[in-house]
Amino acid sequence: PYFCRAYWSRLKKQLHPEISCAEVVCWFVVTAGLVFLMLSLPANNGTIFNTNYTFTLLLPLMLWGTVRFGYLLITTFWGILLIVLCRYYSHYVPAGADFALQLAITSSCWTVFSFTITLMASVTTRQRAIWSRMRRLVLIDPVVQLPNLRALSRDLGEHAGSVLCFLRIPELEILGRNYGVMIRIQYKQQLTTWLGTQLCSDESVYNLSGHDMVIRLNTREYELHVVSLYQAIKDFRLTWDGMSFQPSTGVSYCVVHPPVTHLPLLRGELSTVADLSLVSLQPESLQQAENQPVQKDVRDSMSMMNALQDALDNDRFLLMARPVLGTRGDYYYDIQAVMVDEQGGVTLPQAFALVAQARGLSSRIDSWVIARCARFIAG
């Protein structure tokens with residue numbers, strides 16, 4: 001029984017991931033049909049399909065099997081088939097004056113076919129194992145060793161409905177500056193282990209960049225599940241060099257259905273709502289009515305950021321000079337940049353200044369203003 005379980009376990013790993021039962025049955029039927037033709041009648045009393053000609057037709061079938069079924073199944077099947085063909089060679093090797101020559105040719109085919117099938121099975125199985133390992137590595141964060149955003153996107157597409165539970169832990173950044181990046185890695189890993197006892201088998205925790213994490217939950221009674229997870233997060237403590245840490249964690253959640261095409265934008269909205277959770281000390285739902293203005297602000301901020309980036313790339317700014325009069329009669333000019341969209345509409349600096357500062361675009365706008373002022377002064 002142990003040998004059978006081990007054999008079946010290795011066999012499942014070597015099978016092609018997209019293989020179907022119909023394909024396996026079809027392959028076995030065609031192979032069995034050719035073998036039956038070879039062994040059903042003596043070669044001298046049948047057709048060409050009762051001769052060693054049919055033996056050559058087995059090679060492409062075996063090579064196809066090596067690609068789809070892997071090394072273990074094909075070598076086992078080919079070994080059994082070769083024993084049967086060697087035992088009943090008289091059924092498909094024509095008897096006559098050139099019997100010795102036909103038998104020598106058939107024996108050479110046995111050797112060449114066995115070497116080719118074994119080599120191809122070994123190569124294809126190894127390539128499939130390497131490809132499978134690469135796919136697993138792509139879905140795992142190399143530092144934290146947790147599923148990443150790509151794995152989350154794949155899992156969302158495989159389920160009819162999911163609940164995204166976003167964890168925002170801003171104090172991890174401060175702890176990382178004081179104690180190093182290892183404390184952030186250890187916190188995420190140990191928190192994942194701590195929450196693992198409350199998650200179902202198909203639910204998982206995913207690592208995001210910085211100090212954020214996300215949990216994919218099933219939709220069944222998800223509100224109670226989110227509350228229990230939030231309490232478990234509050235009860236978690238990280239022990240580091242004899243000190244106990246309990247960073248504040250904001251939790252937001254929402255229900256999603258595939259296809260999820262704007263996952264980065266959704267992540268930004270969940271992150272903003274999670275900031276509210278840090279203040280309210282309870283999980284915040286993205287679908288609640290009171291959180292709709294927050295979502296609108298996030299979308300407006302992203303839209304303004306894209307417009308700013310497009311205006312910088314296409315040089316769609318105008319200089320605006322505003323005179324400022326002093327109380328003692330002196331005056332000077334306040335020079336600012338006005339953004340112009342594709343339709344010719346004008347956006348004043350007050351509308352995009354905060355977004356530009358938050359997204360790191362202020363320096364590029366200031367550099368543009370200084371360069372244009374210098375060019376205007378130079379005449």
Side-chain angles (χ1 to χ4, degrees), residues 136-156 162-218 221-254 256 263-264 266-286 291 294 298 358:
R136 290 196 303 269
L137 292 177
V138 167
L139 301 176
I140 297 177
D141 186 275
V143 179
V144 188
Q145 296 297 312
L146 292 176
N148 55 18
L149 191 63
R150 188 188 299 268
L152 174 61
S153 178
R154 180 203 61 179
D155 293 344
L156 289 177
S162 302
V163 177
L164 288 183
C165 185
F166 189 90
L167 311 183
R168 183 166 180 82
I169 320 169
E171 294 180 11
L172 275 185
E173 183 177 357
I174 300 175
L175 293 176
R177 293 176 182 175
N178 296 330
Y179 299 97
V181 70
M182 282 303 300
I183 190 173
R184 185 178 66 186
I185 297 173
Q186 288 292 326
Y187 183 87
K188 289 187 174 183
Q189 291 178 345
Q190 294 186 25
L191 179 61
T192 301
T193 304
W194 177 268
L195 297 177
T197 57
Q198 301 194 24
L199 299 179
C200 299
S201 58
D202 57 343
E203 298 175 342
S204 183
V205 182
Y206 303 85
N207 177 61
L208 301 180
S209 59
H211 43 266
D212 299 333
M213 302 175 68
V214 66
I215 308 174
R216 195 204 67 80
L217 305 174
N218 297 324
E221 299 180 352
Y222 67 90
E223 293 183 347
L224 296 177
H225 200 178
V226 171
V227 173
S228 64
L229 286 176
Y230 181 72
Q231 186 60 43
I233 294 171
K234 291 177 61 177
D235 295 338
F236 175 71
R237 304 288 190 277
L238 173 67
T239 303
W240 182 268
D241 288 340
M243 296 178 292
S244 180
F245 296 96
Q246 187 190 19
S248 300
T249 303
V251 177
S252 60
Y253 61 95
C254 69
V256 295
L263 189 56
L266 179 61
R267 174 189 171 182
E269 295 181 0
L270 286 170
S271 177
T272 303
V273 177
D275 288 335
L276 298 179
S277 176
L278 292 170
V279 179
S280 63
L281 300 180
Q282 64 180 4
E284 296 288 344
S285 173
L286 191 64
N291 291 331
V294 177
V298 174

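Between the CG atom of L191 and the NZ atom of K188 there is a distance of 10.0 Å, given to the nearest 0.5 Å. Once rounded to the nearest 0.5 Å, the distance linking CD of E203 with CG of L195 reads 11.0 Å. Rounded to the nearest 0.5 angstrom, R184 CZ and L238 CG are separated by 13.5 Å. One finds the CE atom of M213 at 11.5 Å from the OH atom of Y206 (value rounded to the nearest 0.5 Å). Expressed to the nearest 0.5 Å, how far CD1 of I233 lies from CD1 of I215 amounts to 5.0 Å. Taking CG of L278 as the reference point, atom CD of E284 lies at 10.0 Å (rounded to 0.5 Å).
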### side chain to side chain contact (heavy atoms under 4.5 Å, CB included) between L286 and F166, worked out
CA-CA 10 Å; L286 191 64; F166 189 90; over 6 Å; no
### Task
Using the side chain to side chain contact (heavy atoms under 4.5 Å, CB included) rule, take L149 and L152 through it: C-alpha gap first, then chi angles, then the decisive distance, then the call.
CA-CA 5 Å; L149 191 63; L152 174 61; 4.0 Å; yes
#### Entry: Verdict with supporting geometry, L263 and L156, side chain to side chain contact (heavy atoms under 4.5 Å, CB included)
CA-CA 10 Å; L263 189 56; L156 289 177; 4.1 Å; yes
### side chain to side chain contact (heavy atoms under 4.5 Å, CB included) evaluation trace for S204 with L199
CA-CA 7 Å; S204 183; L199 299 179; 5.9 Å; no
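Judged by distance alone, the side chain of Q145 and the main-chain N or O of I140 form no donor-acceptor pair under 3.5 Å. Side-chain N or O atoms of S277 include none that pairs as donor or acceptor with a backbone N or O of G250 at under 3.5 Å.
Put simply, the side chain of H211 does not reach to within 4.5 Å of the side chain of Y187, judged on heavy atoms. At a threshold of 4.5 Å between non-hydrogen side-chain atoms, the residues L229 and V226 do not count as touching. Looking at D202 and D155, their side chains never come closer than 4.5 Å, going by heavy atoms from C-beta outward. A heavy-atom distance below 4.5 Å is found between the side chains of D235 and Q231.
Within 6.0 Å of atom CZ in R150, 12 or fewer heavy atoms from other residues, nucleotides or ligands are found, so the atom counts as exposed in its surroundings.
Contact detail for S252 and L270: the closest heavy-atom pair is OG-O, 2.7 Å. Nearest heavy-atom pair across W194 and A232 is NE1-O, 2.9 Å. The shortest non-hydrogen separation linking N207 to L146 is CB-CB, 4.0 Å. Nearest heavy atom pair, residue P283 against residue Y253, reads CB-CE2, 3.8 Å. The minimum heavy-atom distance linking Y230 with T249 is given by the pair CE1-O, 3.8 Å. Minimum heavy-atom separation, S209 to R267: OG-NH2, 3.0 Å.
Looking at S248 and E171, their side chains do bring a donor and an acceptor atom within 3.5 Å of each other. In this model, a donor atom of one side chain and an acceptor atom of the other lie less than 3.5 Å apart for S162 and R216.
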